[in-house]
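Below is one structure, written out as structure tokens; the observations come after it.
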Amino acid sequence: EVQLVESGGGLVQPGGSLRLSCAASGFTFDDYAMSWARQAPGKGLEWVAGISWNGGNTYYSESMKGRFTISRDNPKNTLFLEMKSLKSEDTAVYYCAKRVAGPLPYLEVWGQGTLVTVSS
């Protein structure tokens, strides 16, 4: 059974930093590109960042570029998201996701996510 367990969220002041982790199990982690997505209060799911199977390529939503860094530790089956210069609009539940390849790739989101609250 695929499991993605996010952790590391919490309350942080604007301009602060936070590091999120995602522990993956139930699939061959390094066979898959991975992503982070988030859901702000009252909003839909928004793609945040992606990373190739070996971490060689990373991709970011424009609003996150330069502030967020996605990385992975394949031997530990763990995905990370380092966030800095956080803004109130970054407040959301953050999810990691397995990228399913195909003609129209999609993100397979599992787990409860981890809540990031940016507030003074």
Side-chain angles (χ1 to χ4, degrees):
E1 180 181 342
V2 173
Q3 286 190 300
L4 299 172
V5 181
E6 301 91 345
S7 63
L11 177 64
V12 63
Q13 295 188 51
S17 300
L18 209 59
R19 190 194 200 199
L20 308 183
S21 298
C22 170
S25 62
F27 64 101
T28 304
F29 184 65
D30 60 6
D31 278 354
Y32 291 88
M34 299 290 293
S35 287
W36 285 96
R38 69 185 185 185
Q39 188 169 29
K43 305 295 183 181
L45 200 64
E46 177 189 21
W47 179 78
V48 172
I51 188 168
S52 60
W53 72 273
N54 63 350
N57 294 289
T58 57
Y59 313 89
Y60 300 92
S61 174
E62 191 65 30
S63 63
M64 269 68 83
K65 193 176 297 182
R67 299 191 300 119
F68 290 12
T69 302
I70 188 171
S71 62
R72 64 194 297 162
D73 187 341
N74 283 345
K76 294 183 178 179
N77 286 8
T78 305
L79 181 72
F80 301 100
L81 183 68
E82 296 186 51
M83 306 179 292
K84 64 179 182 181
S85 301
L86 284 162
K87 308 171 182 178
S88 60
E89 52 262 46
D90 294 319
T91 295
V93 177
Y94 285 73
Y95 301 91
C96 59
K98 178 165 67 77
R99 185 177 184 270
V100 180
L104 290 174
Y106 65 95
L107 302 181
E108 197 170 85
V109 180
W110 303 92
Q112 70 281 358
T114 186
L115 176 63
V116 173
T117 302
V118 184
S119 177
S120 58

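Keep in mind it's a predicted model, so treat the numbers as computed, not measured.
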Side chain proximity check, F29 to M34, heavy atoms < 4.5 angstrom: yes

OG1 of T91 to CZ of R38, rounded to nearest 0.5 Å, is 9.0 Å

Criterion side-chain contact (heavy atoms from CB on, under 4.5 Å) against C96, the qualifying member of T114, V5, L79: L79

Can you confirm whether Y59 is buried at OH, in the sense that more than 12 heavy atoms of other residues, nucleotides or ligands lie under 6.0 Å from that atom? yes

Which heavy atom in V116 sits nearest to a heavy atom in M83, and how many Å separate them? CG2-CE, 3.9 Å

Show the numbers, then the answer: is there a salt bridge (Lys or Arg N to Asp or Glu O under 4.0 Å) between R72 and D30? CA-CA 9 Å; R72 64 194 297 162; D30 60 6; over 6 Å; no

At what distance, to the nearest 0.5 angstrom, does CD of E6 lie from CH2 of W110? 12.5 Å

Flag yes if L81 and V118 sit in one hydrophobic cluster, no otherwise; membership is Ile, Leu, Val, Met, Phe, Trp, Tyr, and two members link when side-chain heavy atoms are under 4.5 Å apart. yes

For the student: nearest non-hydrogen atoms of G16 and V12, plus distance: CA-CG2, 3.8 Å

Would you say N77 and S25 make side-chain contact, with heavy atoms under 4.5 Å? no

Is the number of heavy atoms from other residues, nucleotides or ligands under 6.0 Å of W47 CH2 greater than 12? yes

Any donor-acceptor pair under 3.5 Å linking the side chain of R99 with the backbone of A33? no

Shortest non-hydrogen pair, S120 vs P14, comes out as N-CD, 3.7 Å

Which word best sums up how the rings of F27 and Y32 line up, parallel for under 30°, tilted for 30 to 60°, or perpendicular for over 60°? perpendicular

Looking at every non-hydrogen atom in both residues, tell me the closest pair between G26 and V2 and how far apart they are. O-CG2, 4.0 Å

Would a distance-only check, ignoring hydrogens and angles, find a side-chain to backbone donor-acceptor pair under 3.5 Å from T58 to I51? no

Is a donor on one side and an acceptor on the other found under 3.5 Å between the side chain of N57 and the backbone of G50? no

Reported CD1-to-CE distance for the pair I70 and M64, which is rounded to 0.5 angstrom: 11.0 Å

How many angstroms lie between atom OH of Y60 and atom OG of S35, to the nearest 0.5 angstrom? 11.0 Å

How close do L20 and W36 get, heavy atom to heavy atom, and via which atoms? CB-CH2, 3.8 Å

Side chains of S52 and N54: is there a donor and an acceptor less than 3.5 Å apart? yes

Quick one, Y95 with Q39, criterion side-chain contact (heavy atoms from CB on, under 4.5 Å). Give me CA distance, side-chain angles, the key distance, then yes/no. CA-CA 8 Å; Y95 301 91; Q39 188 169 29; 4.0 Å; yes

Determine the minimum heavy-atom distance between S21 and T78, stating which atoms define it. CB-CG2, 4.4 Å

Is there a chain of hydrophobic side chains (I, L, V, M, F, W, Y, each step under 4.5 Å between heavy atoms) that links L45 to V48? no

Measure the OG-CD distance between S63 and E89 for me, rounded to the nearest 0.5 Å. 8.5 Å

Report the distance from atom CG of L86 to atom CD of Q13, rounding to the nearest 0.5 Å. 11.5 Å

